Structures are given as structure tokens and as C-alpha cells.
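Just follow the structure's listing: the first ligand is 1, and inside any ligand the first atom is 1. No experiment lies behind these values; they were computed from the predicted model shown. The basis for the numbers below is simple: all heavy atoms, side chains too, and nothing from hydrogens, waters or symmetry mates.
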Amino acid sequence: MGQSESIREALNFEERITLDNWVHRQVSISDYHSFHRESLERFEEFWAGVARELEWFKNFEKVVERGDYPNVYKWFVGGRLNLSYLCLDRHVKSWRKNKVALIWEGEPVKDDGEPLETKIFTYYDLWRYVNRVAYVMKEKLHLKRGDRVAFYMPMIPELPILMLAASRIGVVFTQVFSGFSAEALASRISDLGARYVFTTDGYYRRGKIVRTKEIADKAVVECPTVEKIILVRRVGNTETPVNPERHVYLDDLLKDVKPNTYVKPEEMESTDILYVLYTSGTTGKPKGIIHDTGGYAVLLHATMKWVFDIRDEDIYWCTADIGWVTGHSYIVYGPLMAGATVVMYEGAPDYPAPDRWWSIIERYGVTIFYTSPTAVRAFMRLGTEHVTKHDLSTLRLIHSVGEPINPAAWRWLFELIGGGRCPVGSTWWMTETGGILISHAPGLKLVPLKAGTNGPPLPGIEAEVVDENGKPVPNGVKGYLIIKRPWPGMPGPPTGMYGDPERYNSVYFSRFGYFFTGDYAIRDSDGYIWVLGRSDEVLKVAGHRIGTYELESALVSHPYVAEAAVCGVPDDVKGEVPIAYVVLKADAPSSAKIVQDELRKWVRERIGAIAEPKSIFIVSRLPKTRSGKIMRRIMKALATGQPIGDITTLEDEAAVEEVKSAYETLLKEISGKSG
Ligand code: WT7
């Protein structure tokens, strides 16, 4: 289904479902709006109240103030806290000490299809493991507060453990998605200046072994700041030798570290960096988004309650990969701070059979399920029998994230997965926001469910939909989504974007003077926000952001390619997939197929499989305006077989003849030559 089509259909959602187990029928959305208005009127008091629910080593003196660079804010100034302490020590001191914190399931299965490995960690187990790893980091790797490390880790328990250990001693980390290439890893390591890279000897994906050590080896060749690669044992062997100068196994470092080792958590300033996570934009290299400690913790604490309605008896499962922000916030820090029981799964959703996820829900009795529209659409194709053979009656709450949810996917989640009992929301946020900002809030019992929308802005969040000039648009009119006030969890001090305060300011604030999300949205007459998708050229592939620039520069770095332009086209399952137009150098092979196969492989190696173009068109020139702007709408129209449409409004900068001739040239060139 095309994006615009799905949006149109989404806006026709007539269903308003109020569920007895969730919404008090007597409340109306206007009650929520008064509550929300009050939270903004008493903004600082409101957030201070939420923040006080956490445990601080030292109380904050000020809720929010301007930082040292434009549009960077300091939250809970003067306050000191530690995320590892909040996720672990606080529970270990309470009755939750022996409560299950993490249920991990590996991908491999036995002959009968049952999982081969399951690991269960209580809060006490996790706390002990994290302390030992923190000891290793501190005493054996000599890492100190403010140092940076990179994790290139798959979905195994050691990933959250490493994150919590780093946070315990104030070490800043970046986790790089384990599906990214050596090149993508190298650029992130260098930007951050990481001293160590933590990875595994490999991991399991769809029954095969992915060789992360070898990829990390390749990456660090270009990274002089890296002292060693620390290997976590997962598959038990490596393809290339382990070189004691370069590599050390974490379990060797842990061998003589006593089970009762205790490392005192650093008293971090609220404004200290917790982690940096890289995300793609429309221009330039990936941006290192900084998340602070205090503001981030407060937003996660609030949203675990409001959005997930988290309770002690819940078994909570977020299906994201911790390589993305969703996993940082809603697999690791959010739910563990809340003292929840978290399910974590290593592998592919359909391995060894299309019922793997549903078997997991049944096996552990999952009650809260957080997933993505892409995953849902992939499952919808596989048939309902894989779902119905499992008992999913433990579920009570479902949310999705990553892209707008199309009606069919919403219904599938609501009816088939949730059995018509569970509210199904679509939580809106982004890497930059740190946590959910716009969502239904089952935990507040004030927001009637409206199918397919994101919901109203959460308390303390001021969002608006505006036109080109930043003026609010009337309800029902499409505009740009902005966030008008700073919020806890926003990109943190000192610079918002790691090492680049100017870029932070220009990417997000130059257009409207407020934080610009990059999204199109509509606010309906109930004050619910419908995010419609990106207004810029950022691609959302399976819910993940892929920058056109990153892809284009990967393509032009190939010796065959002179010029390249990339855009997204709709895809039934992934929402959107990239396609590329390339102009070749004279000495490139004449066989289109050879070139296309080679470039696909190249992109997989340079960025990762997720960025592989669906089609590569070989053309003699790119559809550009005289001023050099690539006319991506033409590329899109041609690749999807759409008519070019009303060209007078097609490209702001292009003359009508220019557009026409670019279209016609391309049409002639690419007909029948797609790859
Ligand atoms: C972009 C951010 C935040 C976790 C995953 C994505 C889109 C995200 C929704 C939703 C409509 C959504 C937006 C946003 N998006 N959630 N519920 N409904 N659109 O993080 O990679 O930083 O991407 O994802 O376009 O700008 P991300």
C-alpha cells in the first residue's frame, strides 16, 4: 500500500474504541486537555514533581535552564543520579531483589523447535554481573568517567549489562546496530573517539552466524583511538585468529573478579552525557545525538507509567533491537528503572518458523507488547494460523512505533493479537526525543483510544502543527510537527549533537525557531495528532532511518559511479525502501546487471543490508534543477510507475520545462532497465 493511500485510509478510521479495562467511560478527552493544559501552565512544577519520584543522590536546584549553546537546555540542574543505580541498586534494596529482571531467549532451537537457550536474571543477578563488568572496565581497562567506548553488540544479555556497567562508572557509550557494516561502525567510533570496542565472536541470525569480530577488526583499522577490542563469547569461535595485542575476551577479564564485587555508582550530574546514538539525516554524516542523564531518566520514568501503565506483575516485551533508540529507552533503561520483568529475544522473528514471536508471548505470558508496523505487515503475509495456535490471552496492552500504523496493521494487532481486549497505540517519538512524546496514555486513564492516531501530546509536552511560516494550522489541515518547549530527554548538553552545536541548531531549530521533527502531521478536532510521515528526504526503511546522503556517498565511493541520487519508494512490508539512480563512469562495465549486483553488494558492505536499494537505475544524467537540487519526486514517480502529476507545483525550484525534460529523458532511459 502506498504511503499516501495508507494515510488517506488512516484518516478515515471511524472506530473509536473505549475499553472497559482501560478507560473510565465517564472521562472525556476534554478532561485530558485540562490536565494537559495545567501541566504546561505549571510546567516546571509539573516536571519537578515527576522527577522527584526518582531517587537522587543530590536534589536538583533548577528544573530547566539554557545551556551554553543555542537551543541546548540543562534539565534538573544541580541534581545527581546514576542510571545503573536506578535500574538495579534501588530494586536490589527492595523486595524486587529476587524478582526476575530479564528473560532472555537465544535464537537457536532444538530439534523439537523449542528454544535451545533461555537465561533468566533476577535484579540481584543483573546487579552482580553489572558490578563485575564495571569493575573490569574501571580497574582492568582503566576507563574513567567521561571516557567513551563503542558497543557493536547483538541482542544478548551482555549488551544491557555493558550499558548499565558503563553508566555505573560514568563512561559514555555508543551502541552501533549489529547489522551495520564495518564502515558505518568505523565512522561512529571515530566521531566519538572511543577507547574500546565491545563486540562478540559472532551471533545467530536466521540460523546463520554473523561474524561481528571480523567486522569490528575491519572497522578499527581506521580508528586510532581504539586500544583493544573486547570480545564477548557467544558462538564459541572466531573465523580469524584472536590476537592478544588486539583482542581480549570479557570472560577472561572476569575470571578472577569475585561474585560479590561492588563498584560504587558514580554520582553523575543530571546534565552529564549518558550515551550518544547516531542517526541519519538528509545531509552529511550520521549525527551523534547526545542524551543526558537526568532529563532522559525522568522522561523514561514518566512514559513507562503513562504510556505503558507498567505494573509489577507485568511481563513486558519490546521487540526492537537495542541498536536503535527504542531498545535503549524501552528495553533497557525505562523498564528496568520501573522494576519490570523484561523479555529479550536474540534472533529473527520468523526463525525457525513464522510463529516464533507468538510462541514467545505464550511461553512467558507477555502482558505488554511493543512492536512495529513493519513487523506486523510482514507477519500479516504469513497467515493467521501461526498466531492462532498460540495462547496470547495474557496480553493487556499493545503499542507500536517507528512509522504511521496503517489501518490493516492496526486491526490485525487489535483483533488478532490483542483479541479485541487490548488498547493498541502508536507512540510517536524519535531518536532525538529520547522517549515517547505523543501517545495514548493508558496509564493515565484519561485518553480515549482512537484507532490509528498517535494520540495527544503527553503531559508537559507542547507540540504544534504549523504551516511553512510557523503559524499553527487549523485542525484537520496537514502541516509540520514541531515541539514548542524543551522537554526532559531532549538532545543533551553540552552540544546536543556530539561535537557539532552549529549543526544541532541548524538541523532542528533554524526552520521554525522551535524543535522541528521533520514530520508532517494533522491535529484533529479532538486534539489528537496523526503523524503522516517524513516531510524531508529521510527514508524510513522498516521503521529505521536511513539518510539519502549516507547512501549516495556510499554509491559514489564505488569506482564505477560518477553520480548517484537516492529516494524512497513505498513497500508493502517495510513501508519504504530505497531506490537509486546512478550515472556511471566511462570505464564501468557495460552490463547493467553486473553493475547493479556489484552496487547492491557494495551498499550492503558499506552501510548494511537494511540500506540495499530495491532498484538501481543506470542513467546518463540525474534529474536535477539548474541550481543542482535533485528532483526526487520525479525519481519516485518513475520508479513507482506513477504519472508525474501536476508539475507546476512539483518542484519549487524547477522550471516546468526542466521538470518535463528530466522526466522524459529518464523515462526513456530506464524503461525496462530496472534492476
Ligand atoms: C521518525 C523517527 C522512536 C523510535 C523509532 C524511530 C517516525 C516514529 C512513529 C509513529 C508515525 C512515527 C517519524 C519520526 N515515527 N514513531 N508512532 N507514528 N511516525 O526512531 O529512527 O529516530 O525515527 O520515525 O517519522 O520522525 P527514528
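- Ligand 1 places these atoms under 4.0 Å from at least one heavy atom of P404: 11 (C), 18 (N), 19 (N).
- Distances below 4.0 Å separate heavy atoms of V531 from the following atoms of ligand 1: 11 (C), 19 (N).
- Of the possible polar contacts, one joining the E576 side chain to the K540 backbone as a donor-acceptor pair under 3.5 Å is found.
- Residue-to-ligand polar distances place R545 within reach of ligand 1: an N/O pair is separated by less than 3.5 Å.
- Shortest contact from atom 4 (C) of ligand 1 to any protein heavy atom: T326 OG1, 3.1 Å.
- Distance alone, capped at 3.5 Å, places no donor-acceptor pair between the H291 side chain and the G492 backbone.
- Numbered from 1 in the order shown, with element, the atoms of ligand 1 that lie under 4.0 Å from a heavy atom of T427 read 9 (C), 10 (C), 16 (N), 17 (N).
- Polar contact check, T431 against ligand 1: a nitrogen or oxygen pair lies under 3.5 Å apart.
- Where the criterion is an N or O separation shorter than 3.5 Å, residue side chain and backbone included, E432 fails it with respect to ligand 1.
- The option with the heavy atom closest to atom 16 (N) of ligand 1, from among G435, G402, S372, A521, is G402.
- Seen from the ring of Y480, R511 counts as a face-on cation partner, given the 6.0 Å and 45° thresholds.
- Looking at atom 18 (N) of ligand 1, its nearest protein heavy atom turns out to be N454 ND2, 3.1 Å.
- When Y275, W75, Y333 are each tested for a side chain to side chain donor-acceptor pair (under 3.5 Å) with Y296, only one passes: Y275.
- In terms of protein heavy-atom proximity, atom 1 (C) of ligand 1 is nearest to K540 NZ, 3.3 Å.
- When atom types are taken as modelled, the side chain of W358 and the backbone of L392 share no donor-acceptor pair closer than 3.5 angstrom.
- Among all non-hydrogen protein atoms, the one lying nearest atom 25 (O) of ligand 1 is D519 OD1, 2.6 Å.
- With hydrogens and angles ignored, the 3.5 Å screen pairs a side-chain donor or acceptor of S181 with a backbone N or O of E605.
- Checking side-chain atoms of Y498 against main-chain N and O of Y278 turns up no donor-acceptor pair under 3.5 Å.
- In this structure a side-chain-to-backbone donor-acceptor pair under 3.5 Å is present from Y504 to N71.
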